[in-house]
There are 2 protein chains.
Amino acid sequence: MLQEPILTGTQNCAECPIRHRAVCARCETDELQRLEEVKYYRRFEAGQTIIWCGDRMDFVGSVVSGVATLSQTMEDGRTQMVGLLLPSDFVGRPGRPVAAYDVTATTDVLMCCFRKAPFEGLMADTPHIAHRLLEMTLDELDAAREWMLVLGRKTAREKIASLLSIIARRDAILHQRSKDAPVVFDLPLTREAMADYLGLTLETVSRQVSALRKDGVISLEGKRRITVPDLSRLLDEAGDDSAT
Amino acid sequence: MLQEPILTGTQNCAECPIRHRAVCARCETDELQRLEEVKYYRRFEAGQTIIWCGDRMDFVGSVVSGVATLSQTMEDGRTQMVGLLLPSDFVGRPGRPVAAYDVTATTDVLMCCFRKAPFEGLMADTPHIAHRLLEMTLDELDAAREWMLVLGRKTAREKIASLLSIIARRDAILHQRSKDAPVVFDLPLTREAMADYLGLTLETVSRQVSALRKDGVISLEGKRRITVPDLSRLLDEAGDDSAT
DNA sequence: CGCATCATTGAGGGCTCTCAAGAACTGTGG
DNA sequence: CCACAGTTCTTGAGAGCCCTCAATGATGCG
């Protein structure tokens, strides 16, 4: 799905694609070296569960490539996605021994893992890691709160448009397209995963995607490839005050 | 609503009721002294807006007493509460010049404010503040994610039960009651505020509260005072896996 | 080609919202 | 102490949005 460098064994941090956005972004070379001593890579296939809620966590880490999801499940099977993990996002909570959520790979995922105990020691020693983690956590908190508005107050159509807007915006930044060019991207999520993210059923997701297509807000190539001819139109549909 | 100490002018941190839970919890006496130099108190009446979304923020701070809410509003007036601020909770984001949410006092509120620029300087110097803030932010992120499940997947009845559970649990901890004694507390929120928190209308909130009363899960004295005869019953209604 | 997975579409029902009226509580002034 | 407005809350009736159940269609892989 997403391009992924072929990595075998240990990789040099200096050449890491997420070097300047991950939890290690602010580290000096000596700090990086200490991180490198406690790090290792793990690879997961699309669909595979990375961590089960309640499992002992002996590592924390960063998503290097691919997309993973954070989700919660009730006894009767209702599930709600509570986070989308993109490259550079952090997994795990320092100081907590047990995972609070299920983590699942939705595409092939490469993770850079740090052994937990030494990582916690590093956090205490080197302010750069702790500061960066605080910054990232504050960003995630903002994203979670943004999402609470989507879940609590938006219609199914607005929910779909909101999700597509987020992915489209990320894509626009990543590829630095011109403002007026149509945005094209692949959905990294199945209809079911979209439903779990949006608090809908997969049938409703399917219906609303079809409706947006019929209304010309988006067009589809196959099931996953989406073209947005007019991004501001999509933002309107999402109900966000895009201004202008 | 909540008892509130009568404070005039500056107060000594050593006697502060939230001394050991707020952002300053880990500070040594010399760090506290530096904090005290940049702090001041502000008082807000119930119903008053503390901060408008988009306002310049020249301070951050802690709720000392009372209850405040964090909320987002769409252009057409739909609003979603995204956080409940209780005593010791932190307000504002270091490094951000502008408020991202509306902050409203739902009861009389006393806030301990720190001038933003010097506070940010202190954060860079003293690891205790940054560490505590990270810990608090991670807790808030967990709470936000917990709430996403409520908003996305729970029924109206379960939503009400979930909200009451949260308040009841906090009250049980605060008052250290025996396990089996009935829990009694005052709702710090109007029906409308509850609706904004739960992603419902106030009519639905009212109906479901009545239904829980008719079914004996709770009983009411006036509109606000609630008795929970059997907490585990309430937790069941909330749909959480309370286990035993 | 057949199977499995993922997605689409339809029909009907239920939960929550909208609109509306009235009741209960609060504070003010006579 | 009571009258009266203003706010908050409750309750009802009907509509609409989304869910549930079900069948069909597309896509990919052995």
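Values below: all heavy atoms of this structure, side chains included; hydrogens, waters and symmetry mates excluded.
A donor-acceptor contact closer than 3.5 angstrom is absent between the side chains of B:S71 and B:D102. Side-chain contact check for A:S162 and A:S165: no donor-acceptor pair (N or O, by modelled atom type) lies under 3.5 Å.
The pair B:D76-A:R153 does not meet the salt-bridge criterion, since no charged nitrogen lies less than 4.0 angstrom from a carboxylate oxygen. A:D215 has a carboxylate O that lies under 4.0 Å from a charged side-chain N of A:R157, or vice versa, which qualifies the two as a salt bridge. Ion pairing between a basic and an acidic side chain is recognised when a charged N comes within 4.0 Å of a carboxylate O; B:E140 and B:R145 show no such pairing. Residues B:D186 and B:R224 are not paired through a salt bridge, judged by the lack of any N-O separation under 4.0 Å between the basic side chain and the carboxylate. With respect to the salt-bridge test (charged N to carboxylate O, under 4.0 angstrom), the residues B:E158 and A:R78 qualify.
Between B:R207 atom CZ and D:dG12 atom C1' there is a gap of 7 Å when expressed in whole angstrom units. As a whole-Å value, the separation of A:Q208 CD from D:dG16 P is 16 Å.
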Summary of protein contacts for nucleotides 25-30 of chain D, nucleotide by nucleotide, where a base hit scores B, a sugar-phosphate-only hit scores S (4.0 Å, heavy atoms): --S---

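Using a 4.0 Å heavy-atom criterion, one finds that B:L202 contacts the bases of the nucleic acid, with or without backbone contacts as well. Backbone-only engagement by A:T190 is indicated by non-hydrogen atom pairs under 4.0 Å involving sugar-phosphate atoms exclusively. Using a 4.0 Å heavy-atom distance criterion, B:S210 is classed as a sugar-phosphate-only contact. At a threshold of 4.0 angstrom between heavy atoms, the contacts of A:G199 are confined to the sugar-phosphate backbone, with no base atom among them.
A distance of 12.0 Å separates CG in A:L164 from CG in A:D171, rounded to the nearest 0.5 Å. Considering OG1 of B:T201 and CE of B:M194, their distance stands at 12.0 Å, rounded to 0.5 Å.
With axes fitted over five pairs at each extremity, the angle between the ends of the helix from C:dC1-D:dG30 to C:dG30-D:dC1 is 30° (10° resolution).
Not a single donor-acceptor pair under 3.5 Å links the side chain of B:D142 to the backbone N or O of B:D139. A donor-acceptor pair under 3.5 Å links the side-chain atoms of A:K159 to the main chain of A:L198, judged by distance alone.
Between B:E192 and A:T204, the residue whose closest nucleotide on DNA chain D is further toward the 5' end is B:E192. Projected onto DNA chain C by closest heavy-atom contact, A:V205 and B:V205 fall at different nucleotides, the more 5' of which corresponds to A:V205.
Heavy-atom distances under 4.0 Å link DNA chain D to A:T155, A:A156 of residues 151-158 of chain A, given in residue order.
Contacts of B:K223 classified as salt bridge (charged side-chain N to carboxylate O under 4.0 Å, His left out), with partners at least two apart in sequence or in another chain: none.
Summarising the geometry of A:Q80 relative to A:Y197, their closest heavy-atom pair is NE2-O, 3.1 Å, with the distance given to 0.1 Å.
Between B:R191 and D:dT10 there is a side-chain polar atom (N or O) within less than 4.0 angstrom of OP1 or OP2.
First and last contacts of DNA chain C with chain B, using any nucleotide atom under 4.0 Å from a protein heavy atom and ordered 5' to 3', fall at C:dT16 to C:dC25.
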Acceptor/donor pairs from residues 45-59 of chain B side chains to any protein atom, 3.5 angstrom cut, sequence neighbours excluded:
residue, atom, partner, partner atom, Å
B:Q48, OE1, B:E45, N, 2.7
B:D55, OD2, B:W52, N, 3.3

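If you check distances only, the side chain of A:E203 does reach the base of D:dC21 with a donor-acceptor pair under 3.5 Å.
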